[in-house]
There are 4 protein chains.
Amino acid sequence: MSAKPRTARGEQTRRKLLAAAEVVFAEHGYHEASVSRITDRAGVGQGTFYLYFATKLDVFNELVEDLNQRVRHAMSEGARGASSRLEAERAGFAAFFKFTAAHPALYRVVREAELVSPDALRLHYSRIVEGYIDGLREAAADGEIGDIDPTVAAWALMGIGEMIGMRWVLWGDPDAEPGDDADPTASGTREVPPHVLDEMMRFIGGALGRPDLAGDPVVAPSNDDAAGRDDAPERGES
Amino acid sequence: MSAKPRTARGEQTRRKLLAAAEVVFAEHGYHEASVSRITDRAGVGQGTFYLYFATKLDVFNELVEDLNQRVRHAMSEGARGASSRLEAERAGFAAFFKFTAAHPALYRVVREAELVSPDALRLHYSRIVEGYIDGLREAAADGEIGDIDPTVAAWALMGIGEMIGMRWVLWGDPDAEPGDDADPTASGTREVPPHVLDEMMRFIGGALGRPDLAGDPVVAPSNDDAAGRDDAPERGES
Amino acid sequence: MSAKPRTARGEQTRRKLLAAAEVVFAEHGYHEASVSRITDRAGVGQGTFYLYFATKLDVFNELVEDLNQRVRHAMSEGARGASSRLEAERAGFAAFFKFTAAHPALYRVVREAELVSPDALRLHYSRIVEGYIDGLREAAADGEIGDIDPTVAAWALMGIGEMIGMRWVLWGDPDAEPGDDADPTASGTREVPPHVLDEMMRFIGGALGRPDLAGDPVVAPSNDDAAGRDDAPERGES
Amino acid sequence: MSAKPRTARGEQTRRKLLAAAEVVFAEHGYHEASVSRITDRAGVGQGTFYLYFATKLDVFNELVEDLNQRVRHAMSEGARGASSRLEAERAGFAAFFKFTAAHPALYRVVREAELVSPDALRLHYSRIVEGYIDGLREAAADGEIGDIDPTVAAWALMGIGEMIGMRWVLWGDPDAEPGDDADPTASGTREVPPHVLDEMMRFIGGALGRPDLAGDPVVAPSNDDAAGRDDAPERGES
DNA sequence: AATGAATGAGTGTTCATTCAT
DNA sequence: TATGAATGAACACTCATTCAT
């Protein structure tokens with residue numbers, strides 16, 4: 001579909017177009033993003049676009065693909081060297097949120113993809129989930145987590161990450177009230193506040209069947225409410 | 001914005017338009033849904049549309065609002081009479097999935113709203129989350145669940161529901177591979193398979209700090225951890 | 001395909017568009033005739049076009065259809081009341097040439113149709129030919145003409161008419177040399193010179209097996225050669 | 001206009017381009033035939049085209065010129081050695097139809113030329129007609145045909161050949177009804193059925209003033225009128 | 001001689017919206 | 001209240017042609 005450039009100059013032009021497309025799609029979404037806006041931003045003629053992409057949908061798909069590889073890379077890089085599944089999970093989420101903050105296109109593009117290019121969307125989610133599933137299976141084999149259906153758990157994790165990310169990264173200010181859609185691009189540079197990440201990981205830790213690793217034992221002696229919260233970070237053992 | 005009809009006939013016309021809009025938006029998404037398609041389906045003239053709605057965005061917002069009320073109603077109806085928070089949660093999710101299966105518009109419309117009408121989207125999610133938060137607060141006060149930040153937990157629950165719903169209700173066939181987007185409307189009538197719902201609730205039960213309560217409908221506090229888990233059928237899904 | 005207008009005003013607009021299309025197609029041919037040129041000439045907005053015609057091809061087909069009916073009408077009107085087949089033929093051709101002179105679109109549109117809308121073209125020719133065939137059959141039954149396959153003869157007549165029309169009506173000046181394509185519309189208002197029509201009918205008369213009716217008998221008593229010839233002035237053109 | 005190549009390699013490239021152009025024009029017609037399609041098919045770069053042809057119209061004209069020479073050559077070759085004008089005519093038409101079957105481009109290209117390059121078209125027809133005129137003059141001088149204006153007759157013959165060729169060669173199946181324009185290129189390989197050619201020649205024979213000569217290949221002047229005609233099937237009566 | 005990158009004017013078509021009736 | 005006619009800006013996409021290499 002999308003012709004590959006045969007020269008270095010062409011390669012460069014193609015990259016300019018892809019970068020411009022990411023920005024424009026992130027700003028306007030698929031439908032409002034016109035090819036001419038993309039070529040304008042890339043600084044090339046309108047016709048040049050079609051030298052490298054067969055259709056507008058074509059760049060879109062390529063962009064989703066590209067973003068997918070990049071988030072997954074960021075996540076696995078982030079998780080590398082973690083000493084436990086939970087720690088890896090936390091690092092992975094942190095990397096995901098960081099990537100999201102840097103590339104709001106991820107959300108806007110991916111969420112719109114449901115209607116624009118359903119296949120691309122499914123592939124995107126499925127691949128990330130696949131990574132979760134693998135990690136969960138290993139962790140289960142190592143006895144690190146309880147027995148939980150890895151597929152269901154993986155999709156649940158995906159959902160948690162997406163929603164928390166949307167709420168705290170994309171929307172930005174935790175106290176923000178709806179009503180300011182002047183410039184949707186302006187928001188979305190925040191990070192997930194630490195305590196949110198903490199709570200989220202406690203939630204996940206419990207979910208994965210190792211509440212003892214995740215935070216406060218609830219069944220066991222449980223009057224240490226306050227204490228339980230305070231030590232939230234660096235929770236090592238009960 | 002949207003003029004209110006003054007006569008009974010007008011009221012009826014308006015309802016026809018809204019109903020038509022739901023179908024058309026669900027089928028085509030916001031951008032592909034043209035006003036003329038809506039009026040065609042409603043069986044009224046094109047100009048009539050503007051008697052009741054100021055703009056296309058106007059119906060969209062109203063539709064999101066409407067759907068929001070209906071899901072929330074369905075969820076609270078579903079959860080009514082549950083004997084515990086967990087049970088209520090499960091019933092609520094079940095109701096949510098059922099509603100989703102019946103109204104795929106919920107997903108398609110809401111996900112596209114991110115770019116079309118961000119405010120409407122935020123309001124939609126926030127309201128549902130608000131319901132979760134209230135429930136979680138009560139449950140915490142009753143000691144039914146562990147201490148977990150209700151706001152974070154609520155958004156996490158929202159994410160789980162959305163993602164599981166998308167995966168098993170909207171996409172339908174659990175074994176479906178990307179590649180068949182022939183008729184995106186055709187899919188999405190499935191129900192979430194029982195074991196998926198079971199596993200999801202175990203996940204959530206653990207997350208909310210009562211893994212012991214998650215396995216079975218819990219009447220009396222019990223410590224039969226292992227047993228509770230073991231009865232989960234078909235765990236370790238495909 | 002092409003929506004029929006529901007009001008008188010719409011009916012009028014549609015007619016304006018069709019008339020404009022005829023002119024524009026005649027001037028520029030199908031490909032160079034842009035929809036906007038048509039709407040400009042019709043004095044309506046560009047979008048209005050699509051209220052009455054689904055596509056550009058749509059008007060084209062309708063125009064071919066329309067022209068076809070009109071030529072055939074003109075031809076049968078012209079031939080009405082002729083006292084013999086040959087006379088009818090001559091009158092029909094004369095009417096055809098007259099129509100051609102008035103509506104050069106016939107040629108330009110029809111000839112281009114071969115590639116644009118082959119079906120329309122075949123239908124056009126077939127219908128005219130059908131008329132010839134009917135006439136020839138009747139004439140044969142009446143013993144007015146010799147025995148000749150009416151289908152083959154009809155297509156031959158069609159070809160004669162088209163080529164003579166192109167040469168003397170469309171191209172105009174019999175002495176015109178190729179080289180002036182400045183304004184192809186400017187030409188094509190000439191009539192077929194009488195002697196050309198005469199010779200053409202002699203040709204056809206002979207072809208149809210009644211040389212005795214057509215002009216100079218060649219086999220039969222043939223001393224009236226000079227007389228036969230003399231009425232054709234300046235024969236042996238160019 | 002079109003630069004002549006200076007080297008053998010260039011000469012070859014030019015020929016490749018011309019051959020490709022014939023195919024592409026025949027398949028798509030002038031307007032749909034893009035330069036890039038031509039260069040693709042020729043297996044050369046896009047820019048190479050402009051080394052040999054100034055514009056797209058340029059190749060078109062050259063192609064018409066080329067085809068013209070080839071048909072005329074084919075026709076005169078076919079007619080060579082005929083023992084009478086009529087026989088020569090028949091052989092010429094047969095050659096013309098054969099050429100047409102092998103090069104449908106002739107029709108498609110030439111008919112479109114009316115609007116694309118009127119001069120080229122006129123030149124094309126005029127040259128063929130010139131050949132007819134010469135032949136008719138000679139035949140008239142030899143007393144082989146009646147006295148008929150050779151110019152008018154020549155254009156009539158041209159029209160007959162074109163129309164019969166279109167009907168039986170280009171459209172193919174004699175029973176074909178309009179409605180199947182799936183692949184306009186696929187058709188056009190038929191030959192004119194013998195009886196059609198026979199009837200056509202009888203038509204022409206009569207037209208040229210020697211109906212007695214039209215029925216059979218004539219070696220010696222014969223008076224066996226009826227016999228000669230009888231072998232033509234489905235004739236009604238003499 | 002040959003190429004492929006680049007261009008921008010131009011195309012057919014859609015659609016939210018307005019308005020006279 | 002209801003309509004359908006009308007609009008024009010906007011869009012995705014094509015293509016003959018130019019040019020640096």
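Within every chain, numbering begins at 1; the chains are lettered A, B, ... in the order of the sequence lines, protein sequences first and strands thereafter.
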Practice task
Specify the residue among C:Glu32 and D:Thr7 whose closest nucleotide of DNA chain E lies further upstream toward the 5′ end.
Solution key: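 Of the two residues, D:Thr7 wins.
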
Practice task
Please tell me which of D:Gly10 and C:Gly47 maps to the more 5' nucleotide of DNA chain E, matching each residue to the nucleotide holding its nearest heavy atom.
Solution key: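 The residue whose closest nucleotide sits nearer the 5' end is D:Gly10.
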
Rounding to a whole Å, what distance do you find between [X]:[atom1] and [N]:[atom2]?
X	N	atom1	atom2	value
B:Leu57	E:dC15	CG	P	17 Å
C:Asp40	E:dT11	CG	P	11 Å
D:Ile38	E:dT3	CD1	P	15 Å
A:Phe60	F:dC11	CZ	P	18 Å
D:His28	F:dT14	NE2	C1'	14 Å
A:Arg14	E:dG4	CZ	P	17 Å
C:Gln12	F:dA6	CD	C1'	14 Å
D:Phe53	E:dA1	CZ	P	14 Å

Is it the case that the side chain of [X] and the backbone of [Y] share a donor-acceptor pair, with hydrogens and angles ignored and the cut-off at 3.5 Å?
X	Y	answer
B:Arg37	B:Glu32	yes
D:Asn68	D:His124	yes
B:Ser117	B:Ala113	no
C:Tyr30	C:Leu57	yes

Among [options], the nucleotide that comes nearest once only the side chain of [X] is considered:
X	options	value
B:Leu51	F:dA12, E:dA5, F:dA2	F:dA2
C:Arg37	E:dG12, E:dT11, F:dA5	E:dT11
C:Thr48	F:dA6, E:dA2, E:dT7	F:dA6
B:Val44	F:dT3, E:dG12, F:dC15	F:dT3
C:Thr13	E:dT17, E:dT13, F:dA5	F:dA5
B:Thr55	E:dT14, E:dT17, F:dA16	E:dT17
B:Arg9	E:dG4, F:dA2, E:dG8	F:dA2
B:Gln46	F:dA12, F:dG4, E:dA2	F:dG4
B:Tyr50	E:dA16, F:dT14, F:dT17	E:dA16

Handout entry: Passing candidate, side chain to side chain contact (heavy atoms under 4.5 Å, CB included) with C:Lys56, options C:Val116, C:Asn61, C:Val35
Key =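 Result for side chain to side chain contact (heavy atoms under 4.5 Å, CB included) with C:Lys56: C:Val35.
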
Practice task
Quick one: label D:Ser34 by what it contacts on the DNA or RNA (base, sugar-phosphate, nothing), any heavy atom closer than 4.0 Å.
Solution key: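 Answer is sugar-phosphate: D:Ser34 comes under 4.0 Å of backbone atoms only.
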
Practice task
Classify the nucleic acid contact of D:Ala33 as base, sugar-phosphate or nothing, counting any heavy atom under 4.0 Å across all strands shown.
Solution key: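 D:Ala33: backbone/sugar contact only, no base atoms under 4.0 Å.
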
Practice task
For the pair B:Glu112 and B:Arg108, find out whether any cationic side-chain nitrogen is under 4.0 Å from an anionic carboxylate oxygen.
Solution key: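 Salt bridge: no.
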
Problem - Any strand: nucleotide that pairs with F:dA20 via Watson-Crick or wobble, under 3.5 Å - result: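 WC or wobble partner is E:dT3.
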
